[in-house]
There are 2 protein chains.
Amino acid sequence: MTGAAEHGTDTRTRLLDAAMRLFTERGFAKVTVRDITAAAGANLAAVSYHFRDKAGLYEEVLALGLRSAQEMNAEVMLPREGHSPEERMRHYVRQYLPRIIRTDGRGGIYQLLKHEMSDPTPIARTYVRQAIMPRIEFLIEIVREMLGGTASDARVQRCVMSIQAQCLYFLPDPFKNLVAGDWQPGTSDQIREMADHIADFSLAGIRALGEARRGPRVRPR
Amino acid sequence: MTGAAEHGTDTRTRLLDAAMRLFTERGFAKVTVRDITAAAGANLAAVSYHFRDKAGLYEEVLALGLRSAQEMNAEVMLPREGHSPEERMRHYVRQYLPRIIRTDGRGGIYQLLKHEMSDPTPIARTYVRQAIMPRIEFLIEIVREMLGGTASDARVQRCVMSIQAQCLYFLPDPFKNLVAGDWQPGTSDQIREMADHIADFSLAGIRALGEARRGPRVRPR
DNA sequence: AGACGATTAATACAGTTGTTTGAATAGTTT
DNA sequence: AAACTATTCAAACAACTGTATTAATCGTCT
């Protein structure tokens, strides 16, 4: 009875779990080694021993997050051949949105990286390429197909941005809850409803921009 | 010649300027009092003397940001009566987007508050109500008018979210530059182009959701 | 049992942070 | 000029942080 392990797991794993949760909640800088070791029921020196230093632990946590993000990507980008771009897009949003919204511990790399937005670590660059860019490419492919081959790259990119922006808006954010807390979809039904809204809204937008070849520019003022 | 004032302004003003810039760049926690006083060419104790403490200085900076945000709101929500909702929406985005994007010092409250998203201060709540909510209400009004009186509150809210999300996506963000640095509109022409895209895209989306009274739900799988 | 390597524990250390203190200086009034 | 107030300054303080150190403990093998 050392007063430490409340679970059966070993210290190293408990540290990783606690660090994943805390880093996701508050970001690297705002979590102290003492916070982590206390939450894990471990000694202060355990971080140095098992992970060299705080940064080493953070890297391992990011690696875990990257893996879970890549698994997510696989599911989100599933239907490729044999489905219309509209179907692929709807499937994408329906799968992606719930994973963006959910706040449970291993919540994926996005919530981890969100804190890096304020002060990005060099590590971030790698993870952007490996976990985020593939999804962007996937969306580009879909949108280009819907707009038709004649659409300019810039137009395709803007449409991808519109989709991406609507999804990323739902990254858990204590701040946004102040603005419109009651709007946030909570139940899985509400999330599904929101996903379908984003799909419908965006499909209409893309369709309109695809038809008007030389920019609609309604009433140019 | 005390070695301090390089400008003609007094210490208090220099501290406010430096603090505004630094807090906007890095957020409250990541800026030290020594950073601020050094940037302002003032003594370390000047913050305590003029603003009670670091938090007091932060409050005054937020107050300045709130005022500039409210001035912005006035311009952004200008055309009300006598203009179609489409026109008001386009004007809104065209005015709002450049102010979101620009990164110059007194860049408004959004970039200040962005850092609070990670760890919100109680102060934030006030500023959300006074600077952000009015704009949301403005958008609600516009969207409701376009959707028609029969549209449910939830549907109106979702459309407002879609517009808001596309605009907020362009908050300066060192992280997003990694994802799609070259997409970011830089020149005022590019910004205008992006604003018109958001307006066109969203108008099409709203129009589609307005026509299909009982949800389009294309190919419900 | 004894020895050895791996792990955990308590404590100390150096650096940084926000804040305070008390003296020095500048500016104004009498 | 003297007195007084407002401001600036250098130095110090206490709290907190990441890390290193050294001893204690555990499990396993001979």
Side-chain angles (χ1 to χ4, degrees), chain A residues 1-62 112 115-116 118-119 121-123, chain B residues 1-62 112 115-116 118-119 121-123:
Chain A
M1 197 238 290
T2 59
E6 296 154 2
H7 323 66
T9 60
D10 60 351
T11 305
R12 195 189 145 88
T13 310
R14 271 179 293 131
L15 283 175
L16 271 176
D17 282 342
M20 168 75 84
R21 184 173 59 82
L22 291 172
F23 283 146
T24 301
E25 282 174 13
R26 306 186 223 157
F28 180 77
K30 298 219 181 68
V31 174
T32 71
V33 178
R34 285 170 175 82
D35 289 338
I36 299 170
T37 52
N43 186 271
L44 173 61
V47 165
S48 297
Y49 180 77
H50 286 284
F51 302 95
R52 191 191 67 220
D53 55 10
K54 184 187 175 187
L57 172 55
Y58 186 58
E59 283 178 35
E60 291 228 21
V61 168
L62 277 182
L112 261 171
H115 297 281
E116 297 238 0
S118 304
D119 70 323
T121 314
I123 320 176
Chain B
M1 196 239 290
T2 60
E6 296 154 2
H7 324 66
T9 60
D10 60 350
T11 304
R12 195 189 145 88
T13 310
R14 271 180 294 131
L15 283 175
L16 271 176
D17 282 343
M20 168 74 86
R21 184 172 59 82
L22 291 172
F23 283 146
T24 302
E25 282 174 11
R26 306 184 224 158
F28 180 77
K30 298 220 180 70
V31 174
T32 71
V33 178
R34 286 170 175 83
D35 289 338
I36 299 170
T37 52
N43 186 271
L44 174 61
V47 165
S48 297
Y49 180 77
H50 288 283
F51 303 95
R52 193 191 66 222
D53 54 11
K54 184 187 174 188
L57 171 55
Y58 187 57
E59 283 177 37
E60 292 230 21
V61 168
L62 277 182
L112 262 171
H115 298 281
E116 298 238 0
S118 304
D119 70 324
T121 314
I123 320 174

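Both backbone and side-chain heavy atoms feed into the values below; hydrogens, waters and symmetry mates do not. Fair warning: this is a prediction, and the values are worked out from it, not measured in the lab. Letters A, B, ... are given to chains in the order of the sequence lines, protein chains preceding strands, and every chain is numbered from 1.
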Practice task
Would you mind reporting whether A:M20 and A:L112 have side-chain heavy atoms less than 4.5 Å apart?
Solution key: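 SC-SC contact between A:L112 and A:M20 confirmed.
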
Handout entry: Minimum side-chain heavy-atom gap A:D17-A:T9 below 4.5 Å
Key =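 The answer is no, as the side chains (C-beta and beyond) never meet within the 4.5 Å cut-off.
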
Atom-to-atom span, [atom1] of [X] to [atom2] of [N] - whole angstrom:
X     : N      : atom1 : atom2 : answer
A:R12 : C:dT8  : CZ    : C1'   : 16 Å
B:K30 : D:dT17 : NZ    : P     : 15 Å
A:D53 : D:dT19 : CG    : C1'   : 9 Å
A:Y58 : D:dT17 : OH    : C1'   : 18 Å
B:F51 : C:dT20 : CZ    : P     : 16 Å
A:R52 : C:dT7  : CZ    : C1'   : 20 Å
B:F23 : C:dG18 : CZ    : C1'   : 12 Å
A:D10 : C:dT8  : CG    : C1'   : 13 Å

Practice task
Remember a base hit wins even if backbone is also touched, and classify A:A46 as base, sugar-phosphate or nothing at under 4.0 Å, heavy atoms.
Solution key: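 If one applies the 4.0 Å heavy-atom cut-off, A:A46 turns out to touch nothing in the nucleic acid.
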
Can you see if the side chain of [X] gets near the phosphate of [N] - specifically, an N or O under 4.0 Å from OP1 or OP2?
X     : N     : value
B:T11 : D:dT8 : yes
A:H50 : C:dA6 : no
B:N43 : D:dT7 : no

Exercise for the section: Specify the angle, to 10°, made by the local axes at the two ends of the helix from C:dA1-D:dT30 to C:dT30-D:dA1 when five pairs are taken at each end. Expected result: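 Helix axis angle between the two ends: 20°.
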
Provide a list of protein-nucleic acid N or O atom pairs under 3.5 angstrom, restricted to nucleotides 14-17 of chain C.
none

Problem - Check: A:T24/A:R21 side-chain N/O donor and acceptor closer than 3.5 Å - result: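 Looking only at side-chain atoms, A:R21 and A:T24 do not form any donor-acceptor pair under 3.5 Å.
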
Problem - Main-chain N/O of B:A29 paired to A:K30 side chain as donor or acceptor, under 3.5 Å - result: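 Judged by distance alone, no pair lies under 3.5 Å.
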
Practice task
Take B:L22 and B:E25, measure what side chain to side chain contact (heavy atoms under 4.5 Å, CB included) needs, and give me the verdict at the end.
Solution key: CA-CA 5 Å; B:L22 291 172; B:E25 282 174 11; 4.1 Å; yes

Problem - Pairs flagged by side-chain hydrogen bond (donor to acceptor under 3.5 Å, both in side chains) wherever residues 33-42 of chain A is involved - sequence neighbours left out - result: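 For residues 33-42 of chain A, and leaving out neighbouring residues, the side-chain hydrogen bond (donor to acceptor under 3.5 Å, both in side chains) pairs sorted by first residue read A:R26-A:D35, A:T32-A:D35.
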
Exercise for the section: Decide side chain to side chain contact (heavy atoms under 4.5 Å, CB included) for B:L57 and B:V33; before the verdict, give the C-alpha distance in whole Å, the side-chain angles of both, and the deciding distance to 0.1 Å. Expected result: CA-CA 10 Å; B:L57 171 55; B:V33 178; over 6 Å; no

Handout entry: Residues forming a salt bridge (Lys or Arg N to Asp or Glu O under 4.0 Å) with A:E60, sequence neighbours excluded
Key =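 Partners of A:E60 by the salt bridge (Lys or Arg N to Asp or Glu O under 4.0 Å) criterion, ordered by chain and then number, come out as A:R12.
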
Name every donor-acceptor pair, under 3.5 Å, that has one atom in a side chain of residues 43-52 of chain B and the other anywhere in the protein, sequence neighbours excluded.
{"residue": "B:N43", "atom": "OD1", "partner": "B:A45", "partner atom": "N", "Å": "2.9"}

Practice task
Could you pick out which residue, A:L44 or A:Y49, lies toward the 5' side of DNA chain C when each is mapped onto its nearest nucleotide?
Solution key: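 The answer here is A:Y49.
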
Handout entry: Side chain of B:A45 (C-beta onward), nearest among C:dT8, C:dT19, D:dA10
Key =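 So the side chain of B:A45 is nearest to D:dA10.
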
